Amino acid sequence: MQSSSRSIGPDLSQRTLAIVMAGGNGTRLGDLTRRHSKPALPFAGQFRNIDFPLSNCINSGIRRIGVATQYKPHSLIEHVHLGWSFLCPESGEFIETWPAQRRSGTGSYAGTADAIYRNLDLIEAHSPDYVLILAGDHVYKMNYRDMLDEHAASQADVTIGCVEVPLATASAFGIMQTDPVGWVKRFDEKPARPSPCPANPEMALASMGIYVFNREFLARCLSRDAADPASRHDFGRDILPAALGHARVRAHTFRDPHGGPAYWRDVGTLDSYWRANMELLGDSPKLDLRDSRWPIRTHQIELPAPLLAGPGAAVRSIVSAGCRIAGTVQNSVLSPACTIGVGALVDSCVVLPNARIGRDCRIARAIIDGGCNIPDGLRFDGRARFEAEEDSPSAEGVVLITASTVERAVARWAAAKVA
């Protein structure tokens with residue numbers, strides 16, 4: 001059952017504390033996260049990954065938010081402080097960045113549940129009735145109030161946000177089985193053989209990493225888990241499966257805030273990150289960033305408008321402020337302050353801030369790291385063969401171009417000319 005009623009209480013969002021888990025180191029993204037945590041990565045040009053859960057909170061009326069940081073937090077903290085400081089503390093509204101809390105032993109969190117457990121003192125200080133736990137590196141638009149309404153109306157102890165995913169890729173997610181009215185009966189974290197949905201054997205019901213807990217129930221679960229030496233202190237592997245034996249665990253099916261097709265992407269790999277950016281370029285993208293009814297906010301950097309210089313052209317692309325294009329850009333996403341040289345061709349690429357692509361370069365199907373300087377004439381193509389394994393394209397033929405990638409390419413180019 002999904003309740004559409006708002007009669008549970010006009011202050012339901014006000015009785016909720018949201019915690020955005022934003023400490024991921026993004027190992028599957030390689031060198032792309034060597035300076036940033038995953039939530040701080042640019043997306044769709046001017047945005048950062050974390051802008052999506054934060055915007056969802058604000059648009060849902062949730063204005064008490066903690067951002068739990070850990071891995072290389074500086075750029076993330078700076079972004080939150082510069083772009084998200086508009087709330088009114090005098091009215092009890094806030095977005096706070098929470099550094100990794102140490103209770104004993106190491107300062108690093110042992111898992112997602114441990115990250116929340118170590119912040120229990122901060123949670124208790126705000127005395128919420130409900131705790132909404134969110135991932136900071138997923139891209140989607142969601143009205144969390146609908147999930148809160150269903151949680152309260154059903155008198156659940158915990159509600160899990162879920163979405164159907166193709167069975168072929170379901171082993172990358174926590175997979176649920178529910179009864180006909182939405183109560184979770186089984187939860188398997190990243191199973192080798194995922195169970196399909198009864199009504200659609202091509203799909204599986206996956207956890208989005210979004211949870212609503214009753215505060216007191218959450219505290220009991222986390223305290224019990226912290227005392228278990230065999231636990232991995234993870235929500236998907238430990239907390240949720242254990243809760244099924246003694247608590248009311250509900251599944252909330254994710255829907256678009258305006259009734260359209262549900263769009264949710266975990267951009268934790270090079271391929272998924274590149275693909276999600278490319279999905280923005282269609283005539284009718286499933287993730288509409290121009291929708292004024294559900295705005296995605298960010299920190300706007302003061303830069304001049306993009307410039308098409310000389311013969312420059314941009315076709316079917318997102319071009320951010322401060323960009324200067326003298327070559328050709330097609331089917332690509334350009335972050336702020338990028339430069340494309342005369343005669344260069346950039347095709348199906350994600351270009352991060354302050355990258356420079358020289359004259360007559362040819363780059364296709366690539367992610368170009370921020371600040372990267374690609375010399376004149378270099379060519380990178382995700383479909384080409386590479387001598388060095390570290391420069392090889394991904395499973396879907398996407399090349400990650402960083403400063404070290406360019407150095408190796410220049411060295412190979414110079415060696416080939418000498419030979």
Side-chain angles (χ1 to χ4, degrees), residues 1-22 50 52-68 80 84-98 101 112-113 115-136 140-162 182-184 207-223 235 239-240 243 247-255 257 294 297:
M1 177 185 73
Q2 180 172 0
S3 170
S4 60
S5 170
R6 304 290 174 169
S7 61
I8 296 170
D11 63 342
L12 188 61
S13 297
Q14 298 172 22
R15 292 155 53 195
T16 299
L17 173 67
I19 302 176
V20 182
M21 293 191 290
I50 197 171
F52 290 86
L54 290 180
S55 294
N56 289 336
C57 284
I58 298 302
N59 294 335
S60 301
I62 299 170
R63 293 177 171 245
R64 295 196 296 166
I65 306 165
V67 178
V80 171
W84 292 91
S85 58
F86 56 85
L87 297 182
C88 180
E90 292 81 4
S91 300
E93 304 174 352
F94 60 84
I95 297 179
E96 299 174 345
T97 51
W98 296 352
Q101 304 293 312
T112 54
I116 303 300
Y117 172 70
R118 294 211 215 168
N119 286 286
L120 271 180
D121 291 347
L122 295 176
I123 295 171
E124 295 291 343
H126 294 296
S127 300
D129 291 334
Y130 307 109
V131 179
L132 172 65
I133 298 173
L134 307 167
Y140 62 108
K141 295 193 291 186
M142 180 177 181
N143 190 341
Y144 301 136
R145 179 62 191 264
D146 291 338
M147 187 172 173
L148 286 166
D149 280 351
E150 180 174 358
H151 177 82
S154 66
Q155 298 183 330
D157 295 303
V158 55
T159 297
I160 306 170
C162 58
W183 294 104
V184 179
S207 168
M208 301 168 67
I210 298 175
Y211 318 116
V212 176
F213 280 87
N214 297 336
R215 174 174 55 89
E216 294 180 356
F217 176 73
L218 174 64
R220 290 197 301 270
C221 288
L222 293 177
S223 297
F235 278 102
I239 299 293
L240 298 176
R248 294 166 59 85
V249 181
R250 186 150 189 86
H252 171 82
T253 302
F254 165 51
R255 291 176 175 82
W294 201 265
R297 297 168 170 85

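By convention here, the first residue in the shown sequence is residue 1. All figures in this text were calculated on a predicted structure; none of them were measured in a lab.
Atom CH2 of residue Trp84 and atom SG of residue Cys57 lie 8.5 Å apart, to the nearest 0.5 angstrom. Atom OG1 of residue Thr112 and atom CD1 of residue Ile133 lie 8.5 Å apart, to the nearest 0.5 angstrom. The line from OG1 of Thr97 to CD1 of Ile50 is 9.5 Å long, rounded to the nearest 0.5 Å. The CD atom of Gln155 sits 10.0 Å away from the CG atom of Asp157 when rounded to the nearest 0.5 Å. Annotation: the span from Thr253 atom OG1 to Met147 atom CE amounts to 10.0 Å, rounded to 0.5 Å. Interatomic distance, OG of Ser91 versus CD of Glu93, reported as 5.5 Å (0.5 Å rounding).
The minimum heavy-atom distance linking Leu87 with Pro89 is given by the pair O-CD, 3.2 Å. Closest approach of Ile62 to Ala18, counting heavy atoms only: CG2-CB, 3.9 Å. Between Ser13 and Ser60, the closest heavy-atom pair is OG-O, 3.2 Å.
Considering only residues two or more places apart in sequence or on other chains, Arg297 meets the side-chain hydrogen bond (donor to acceptor under 3.5 Å, both in side chains) condition with Asn59. Tyr211 pairs by the side-chain hydrogen bond (donor to acceptor under 3.5 Å, both in side chains) definition with nothing, not counting sequence neighbours.
Side-chain contact between Ile210 and Tyr140: present, with at least one pair of heavy atoms (C-beta onward) separated by less than 4.5 Å. Residues Pro128 and Arg64 meet the side-chain proximity criterion, which asks for heavy atoms closer than 4.5 Å. Contact check for Asn56 versus Tyr144: side-chain heavy atoms found under the 4.5 Å cut-off. Contact check for Phe217 versus Val158: side-chain heavy atoms found under the 4.5 Å cut-off. Between Leu12 and Asp149 there is a side-chain heavy-atom pair separated by less than 4.5 Å. The shortest side-chain heavy-atom distance between Ile19 and Ile116 falls under the 4.5 Å cut-off. At least one side-chain heavy atom of Met208 sits less than 4.5 Å from a side-chain heavy atom of Met142. Using a 4.5 Å heavy-atom cutoff, the side chains of Ile239 and Leu222 are in contact.
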Decide yes or no on side chain to side chain donor-acceptor pair (under 3.5 Å) for His252 and Asp146, but give the supporting numbers first.
CA-CA 9 Å; His252 171 82; Asp146 291 338; 5.9 Å; no

Please evaluate residues Val212 and Ile160 with respect to the criterion side-chain contact (heavy atoms from CB on, under 4.5 Å), reporting the C-alpha separation (whole Å), side-chain torsions for both, the decisive distance (0.1 Å), and the verdict.
CA-CA 7 Å; Val212 176; Ile160 306 170; over 6 Å; no

Apply the test side-chain contact (heavy atoms from CB on, under 4.5 Å) to residues Ile123 and Asp121: give CA-CA distance (whole Å), side-chain angles for both, the deciding distance (0.1 Å), then the verdict.
CA-CA 5 Å; Ile123 295 171; Asp121 291 347; over 6 Å; no

Quick one: do Leu148 and Arg15 satisfy side-chain contact (heavy atoms from CB on, under 4.5 Å)? Show the steps, please.
CA-CA 10 Å; Leu148 286 166; Arg15 292 155 53 195; over 6 Å; no

Just do the side-chain contact (heavy atoms from CB on, under 4.5 Å) check on Leu17 and Tyr130 with the steps written out, would you?
CA-CA 6 Å; Leu17 173 67; Tyr130 307 109; over 6 Å; no

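Under the 3.5 Å distance criterion, the side-chain polar atoms of Arg248 are matched with a main-chain donor or acceptor of Ser154.
Ring geometry, Phe213 versus Phe235: the interplanar angle falls from 30° to 60°, so the pair is classed tilted.
A salt bridge links Arg250 with Glu150: the distance from a Lys NZ or Arg NE/NH1/NH2 to an Asp or Glu carboxylate oxygen falls below 4.0 Å.
Annotation: salt bridge (Lys or Arg N to Asp or Glu O under 4.0 Å) contacts involving residues 207-219, sequence neighbours excluded, comprise Glu124-Arg215.
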